[in-house]
Structure formats: C-alpha cells, structure tokens
Amino acid sequence: MTAAPQKVRNRFTESDGSPIVSASILSADFARLGEDAGEIMQLGADILHVDIMDGHFVPNISMGPSVCAALHGACPEAFLDVHLMVTDPDAYLEPFARAGAGHCTFHTEVASTEALLSMRDRCHDLGMTAGIAINPETPATAIDPVIDHFDMVLVMSVHPGFGGQSFIDKVLAKTRSIAPRLRPDQRLEMDGGIGPANAEEVRAAGCDVLVAGSAVFGSEDRAATIAQVRGHGS
Ligand code: DX5
Ligand code: ZN
C-alpha cells in the first residue's frame with residue numbers, strides 16, 4: 001500500500017477566480033511521465049489534470065491509482081486534479097486520495113442525485129474537493145439538483161475518452177448559462193480541445209480552470225502556450 005500522501009495546497013479553494021491552467025498528463029510522454037509532468041509545471045502550468053478512464057464509461061483505458069501515486073511522488077508539490085471518467089467512481093475515491101489526489105471530479109451521467117451527493121461528502125471526508133462533470137450532450141439542467149453542493153463544475157468540450165479532439169463550440173452556450181449560477185468559491189472548468197486559439201472564448205464564457213493536454217505538451221514553446229491559455233503574455 002502506498003504511503004499517505006503529503007498535503008498539497010488546494011489550488012481550487014484558495015483561488016480568487018484568476019485563470020488556472022490544468023495540464024492534462026494524458027498528452028505527456030508516459031515513458032518519462034514524472035520528468036515531463038515536472039517540466040510542464042516548471043514552465044508555468046498551475047496544476048496537473050489526471051484523466052482516469054475505465055474502458056466502460058468511455059471507450060479507452062488510461063491509468064489507475066498506482067500511476068497517480070508515482071506522479072505524486074515525482075511531483076510532490078503539484079496539485080492533482082483527478083478526472084474520473086468511470087462508471088463507478090465511488091470505488092476509486094479513497095484509492096485516489098491515498099495516491100495524492102487533491103480533487104476528484106466524477107460525471108453526473110453515472111449516478112443518482114443521492115449517490116452524487118454522498119460521493120461529494122466522501123471526497124470531503126478524504127480531504128479532497130469534489131467536482132461534477134457534464135458531457136457535451138447532457139443538458140445543464142441535469143446538474144440542477146447538485147450544482148450548489150460541488151466545489152467545481154466541469155463542462156466537457158469534447159466527448160470524453162481521448163486527447164487531441166476538436167473543441168465542440170456549442171458547449172459555450174451551456175457554460176454561459178451555468179457560470180452566473182456559481183458562487184465565488186466554486187470553480188468552473190472546461191476540458192477538451194482547448195488551446196491558444198480558443199482559450200479567450202472559454203474564459204469569456206466564465207471558466208476559470210482551463211484543461212489543456214495536446215496543446216501544451218505538443219507545443220514547441222510550452223511556456224508561451226501555457227501563458228496564452230491563461231491569458232497572460234499572449
Ligand atoms: C478527454 C480528457 C481530457 C483530455 C484533454 O477525455 O478528459 O482531459 O486529456 O486533452 P486535449 O487538451 O488534448 O483535448
Ligand atoms: Zn479530463
């Protein structure tokens with residue numbers, strides 16, 4: 001069993017709403033994950049986005065808690081923003097908390113309101129913040145019963161399962177309808193297909209946490225790309 005993780009500052013609860021760039025390690029070089037993730041943090045990423053796929057909720061398999069624990073060991077100061085694209089997130093909250101996750105997001109499509117709220121409580125008991133994710137085709141009304149209770153709402157801007165897909169523009173309207181309903185202590189994250197070309201639109205729609213995978217890891221000037229996604233120095 002992995003040793004208890006070190007405590008990392010929670011970048012979501014301490015945020016003042018300034019844009020946060022969450023680098024998705026799905027696009028990192030997995031053969032040298034620790035070094036690549038460390039480099040992206042040094043070059044200006046604020047936090048690391050860790051995509052967990054079970055081959056059931058999405059048609060792909062990515063990594064599990066042991067890879068997350070190794071990442072935490074390699075980058076002990078990085079806040080880990082874990083995105084559970086799995087059918088049964090409840091079973092994985094504790095393993096990821098032990099593996100160093102500071103936050104877990106799971107999908108509204110996989111559970112009842114009651115189960116979602118119970119998982120939110122479980123995240124808090126485990127010392128993590130909790131996010132509720134919503135797929136591109138799922139209407140904003142699906143999260144009405146739970147929106148007030150989560151630390152973050154994640155709007156998917158691609159169909160979950162793979163990095164490097166094209167941004168789905170129509171999710172911006174949904175995001176604009178969600179943004180005014182959130183309190184200052186709630187974050188709004190967008191995930192999928194984000195890069196320098198559309199980051200401004202994403203921020204203008206109200207998002208303050210921008211996930212970027214292929215755009216930052218695939219860039220020849222990673223520092224400049226991260227700054228452009230955040231909205232400084234572009
Ligand atoms: C998609 C994942 C995303 C993905 C983003 O299922 O949830 O986090 O890694 O990658 P890009 O930025 O390449 O679309
Ligand atoms: Zn993700």
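For ligands, and for the atoms within them, numbers begin at 1 and follow the listed sequence.
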Exercise. Going only through I, L, V, M, F, W and Y residues with side-chain contacts under 4.5 Å, is there a path from Met119 to Leu154?
Worked result: no

For this session: Indicate if Leu126 and Ile47 have the same hydrophobic cluster label, given that clusters are the connected sets of ILVMFWY residues with side-chain heavy-atom separations under 4.5 angstrom.
Result: no

Problem set entry | For the Zn ion (ligand 2): the N/O/S atom of Asp51 at shortest distance | OD1

Exercise. Hey, any chance Ile178 and Val146 share a hydrophobic cluster, counting ILVMFWY side chains that come within less than 4.5 Å of each other, even indirectly?
Worked result: yes

N/O to N/O under 3.5 Å, ligand 1 against protein:
{"unit_1": "ligand 1", "atom_1": "6 (O)", "unit_2": "Gly161", "atom_2": "N", "d": "2.7"}
{"unit_1": "ligand 1", "atom_1": "7 (O)", "unit_2": "Asp51", "atom_2": "OD1", "d": "3.0"}
{"unit_1": "ligand 1", "atom_1": "7 (O)", "unit_2": "His83", "atom_2": "ND1", "d": "3.3"}
{"unit_1": "ligand 1", "atom_1": "7 (O)", "unit_2": "Asp191", "atom_2": "OD2", "d": "2.9"}
{"unit_1": "ligand 1", "atom_1": "8 (O)", "unit_2": "His49", "atom_2": "NE2", "d": "3.3"}
{"unit_1": "ligand 1", "atom_1": "8 (O)", "unit_2": "Asp51", "atom_2": "OD1", "d": "3.2"}
{"unit_1": "ligand 1", "atom_1": "8 (O)", "unit_2": "Asp51", "atom_2": "OD2", "d": "2.7"}
{"unit_1": "ligand 1", "atom_1": "8 (O)", "unit_2": "Asp191", "atom_2": "OD1", "d": "2.6"}
{"unit_1": "ligand 1", "atom_1": "8 (O)", "unit_2": "Asp191", "atom_2": "OD2", "d": "3.0"}
{"unit_1": "ligand 1", "atom_1": "9 (O)", "unit_2": "Ser24", "atom_2": "OG", "d": "2.8"}
{"unit_1": "ligand 1", "atom_1": "9 (O)", "unit_2": "Asp51", "atom_2": "OD2", "d": "2.8"}
{"unit_1": "ligand 1", "atom_1": "12 (O)", "unit_2": "Gly213", "atom_2": "N", "d": "2.8"}
{"unit_1": "ligand 1", "atom_1": "13 (O)", "unit_2": "Gly164", "atom_2": "N", "d": "2.8"}
{"unit_1": "ligand 1", "atom_1": "13 (O)", "unit_2": "Ser214", "atom_2": "N", "d": "3.0"}
{"unit_1": "ligand 1", "atom_1": "13 (O)", "unit_2": "Ser214", "atom_2": "OG", "d": "2.6"}
{"unit_1": "ligand 1", "atom_1": "14 (O)", "unit_2": "Gly193", "atom_2": "N", "d": "2.8"}

For this session: Give the name of the N/O/S atom in His83 that lies closest to the Zn ion (ligand 2).
Result: ND1

Problem set entry | Check: Asp90 side chain, Arg122 main-chain N or O, donor-acceptor pair, under 3.5 Å | no

Exercise. With the Zn ion (ligand 2) as the point of reference, which N/O/S atom of His49 is the closest?
Worked result: NE2

For this session: Determine the interplanar angle of the His103 and Phe12 rings, folded into 0 to 90°, and report it as parallel if under 30°, tilted if 30 to 60°, perpendicular if over 60°.
Result: perpendicular

Exercise. Quick one: do Glu137 and Lys174 make a salt bridge, cutoff under 4.0 Å?
Worked result: no

Check residues 56-65 and write down every donor-acceptor pair under 3.5 Å in which the side-chain atom is one partner and the other belongs to a residue at least two apart or another chain.
{"unit_1": "His56", "atom_1": "ND1", "unit_2": "Thr87", "atom_2": "OG1", "d": "2.5"}
{"unit_1": "Asn60", "atom_1": "ND2", "unit_2": "Gly161", "atom_2": "O", "d": "2.9"}
{"unit_1": "Ser62", "atom_1": "OG", "unit_2": "Asp51", "atom_2": "O", "d": "2.7"}
{"unit_1": "Ser62", "atom_1": "OG", "unit_2": "Met53", "atom_2": "N", "d": "2.9"}

For this session: Would you indicate whether Glu200, at its atom CD, is surrounded by more than 12 heavy atoms from other residues, nucleotides or ligands within a distance under 6.0 Å?
Result: no

Exercise. For the Zn ion (ligand 2), which N, O or S atom of Asp191 is at the shortest distance?
Worked result: OD2

